[in-house]
Amino acid sequence: MKKLTEMSLEEFAGLSYPCSCGRTHEVGIRKIRVAGGCLEELPGIVKDLGGGPAYLLADRRTFGAAGERAGQLLYEGGIPFHGKKFSGEKPLVPDEHTLGAALADLEPEDRLIIAIGSGTLNDTARFLSARTGVPYMVVCTAPSMDGYASTVCPLILEGQKVTKPGVYPQAILADTSIMKNAPMPMLTAGFGDIIGKFTALADWRLSQLVNGEYYCEECAALMARAVEKCAENAEGLRARDEQAVQVVTEALILSGVAMGLVGNSRPASGAEHHFSHFWEVDALRWGQEHPLHGNSVGVGAVISASLYELAKSRLPQGFALPDKERILSCLQAAGSPAGPMELGIRRDLFFESLLHAMEIRDRFTILRFLAGQGLLNGCAAELAGRFYPAGKE
Ligand SMILES: [Zn+2]
Ligand SMILES: [Zn+2]
């Protein structure tokens, strides 16, 4: 049997892998396709999944990007379908209104839900699928976040960010000739979400060394390899080069797959995600818009890597530091935000997030490590001075 690091992304579909870590890793997704032009394969995939009637969910933008063509293909393939197009002006959010409207148009005879979109539409379809038992698949329209292959639904309920359990998509269909035309902030957000894995993986390793937490060498190596490939394609992404978009898309899907393999989000999420979450919750509290998740995560990775540098002398012997300069230069090359001021984060919020982001969840990261050493306050002051030079905030 091939090792995880030797497998192509598409080979992960339906995998059961007895791993060197002692566990058997499994993937409940039946089909993964990432290629230019692969939207044309939609009818065949829908038939393999048991056929229609299919219920398509799209918004104005994703309908134009892929939904209209998806409908034509289903029609030509003789697959019955109907659709819901969210046509509001504002960006769609996965809140009570969106979930309710999506549910209201689901028909009793529907056999498959097809999300045509990225974050919100995928999360909406996943939630609907998990609660109704109707399977779902996703046609990806932007390489903007790593939730395609995830099993949880991040929702906004009563103005609060909450995560509800969901299910795997049965299939992921990512046509890179469509995805490369997504709005640029979505491309840079997906890239930032991937660059955040540099520090997520460091946090996971640190917790293994300090606390003996379960760690899978093969899954970590798998993720690290995908992140490396993205880092090498930063400039291509900025130019909307389809090959670079493919590399980032594969890494984003793989990130969800890796979380499924391990059974938690360790391969994909550490302190950099806690910063992003902290800033997002603050913006929600004040009813303000906030940057896309992945753009905050990229900045979070710069901060987290800076903390690792400051902690260097206290870290376990031989610990491989995440490379802060590399993280910075990758983000800059891709055109992603690389500092908190670029995201519009106020200095006081930045300082507060350094001290309290770790309280978001019970997970050991560089933040808890520094707090345990009594160094977190000092590091927070140091970084606030560095990222907000006097007179510039
Ligand atoms: Zn393993
Ligand atoms: Zn993320």
Side-chain angles (χ1 to χ4, degrees), residues 28-33 37-142 144-145 147-151 153-157 164 166-175 177-179 181-182:
I29 303 167
R30 287 164 65 187
K31 179 91 184 168
I32 301 173
R33 273 294 276 147
C38 68
L39 178 62
E40 303 299 307
E41 297 166 26
L42 179 67
I45 292 174
V46 171
K47 282 175 188 161
D48 287 347
L49 296 178
Y55 174 38
L56 272 64
L57 287 172
D59 66 18
R60 261 186 342 164
R61 208 190 62 73
T62 68
F63 180 79
E68 194 170 8
R69 179 68 190 141
Q72 277 171 357
L73 287 164
L74 293 178
Y75 178 76
E76 288 162 17
I79 298 165
F81 71 96
H82 67 111
K84 166 94 191 152
K85 183 167 108 184
F86 290 92
S87 49
E89 290 288 333
K90 281 196 190 164
L92 201 62
V93 287
D95 61 7
E96 292 88 343
H97 180 265
T98 303
L99 294 172
L103 177 64
D105 281 5
L106 181 71
E107 299 294 344
E109 57 275 14
D110 288 338
R111 289 292 164 266
L112 181 69
I113 300 166
I114 306 180
I116 315 262
S118 57
T120 298
L121 285 154
N122 185 46
D123 291 333
T124 301
R126 165 175 295 129
F127 185 76
L128 224 58
S129 173
R131 296 301 175 276
T132 61
V134 179
Y136 97 101
M137 66 168 286
V138 56
V139 172
C140 316
T141 54
S144 55
M145 48 91 228
Y148 285 120
S150 126
T151 57
C153 314
L155 305 174
I156 309 284
L157 301 179
K164 298 268 189 183
V167 288
Y168 271 130
Q170 295 288 300
I172 300 174
L173 189 55
D175 185 334
S177 67
I178 293 170
M179 298 172 81
N181 297 318

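Just so we're clear, the structure is a prediction, and the values are computed from it rather than from any experiment. No hydrogens, no waters, no symmetry mates; every other heavy atom, side chains included, goes into these values.
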[X] and [Y]: which non-hydrogen atoms are nearest, and at how many Å?
| X | Y | value |
| --- | --- | --- |
| L56 | G67 | CD2-O, 4.3 Å |
| A125 | I113 | CB-CG2, 3.9 Å |
| D175 | G37 | OD1-N, 2.7 Å |
| I79 | P43 | CD1-O, 3.6 Å |
| A102 | T124 | CB-CG2, 3.7 Å |
| L121 | A115 | O-CB, 3.6 Å |

Using a 4.5 Å cut-off on heavy atoms from C-beta on, say whether the side chain of [Y] contacts that of [X].
| X | Y | value |
| --- | --- | --- |
| M137 | L42 | yes |
| S129 | V134 | no |
| I116 | I114 | yes |
| L173 | C140 | no |
| Q170 | I29 | no |
| L39 | R69 | yes |
| F127 | K164 | yes |

Side-chain donor/acceptor of [X] to backbone N/O of [Y], under 3.5 Å:
| X | Y | answer |
| --- | --- | --- |
| T132 | L128 | yes |
| K84 | L103 | no |
| T151 | G166 | no |
| D95 | L157 | no |
| S118 | A142 | no |
| D59 | R61 | yes |
| R126 | S150 | yes |

Any ring pair (Phe, Tyr, Trp, His ring centres under 6.0 Å) pairs touching residues 59-107, not counting sequence neighbours?
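Sorted result for residues 59-107: Y55-H82.
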Straight-line distance of [X] [atom1] to [Y] [atom2], nearest 0.5 Å:
| X | Y | atom1 | atom2 | result |
| --- | --- | --- | --- | --- |
| E40 | L73 | CD | CG | 4.5 Å |
| I172 | C38 | CD1 | SG | 11.5 Å |
| E96 | L155 | CD | CG | 9.0 Å |
| Y136 | L112 | OH | CG | 11.0 Å |

Could you walk me through whether D48 and K31 pass the side-chain contact (heavy atoms from CB on, under 4.5 Å) test, one step at a time?
CA-CA 9 Å; D48 287 347; K31 179 91 184 168; 5.6 Å; no
For E89, check side-chain contact (heavy atoms from CB on, under 4.5 Å) against everything at least two apart and list the hits.
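Listed in chain order: R60.
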Under 3.5 Å side-chain donor-acceptor pair for D123 and T120:
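No, no side-chain donor-acceptor contact under 3.5 Å.
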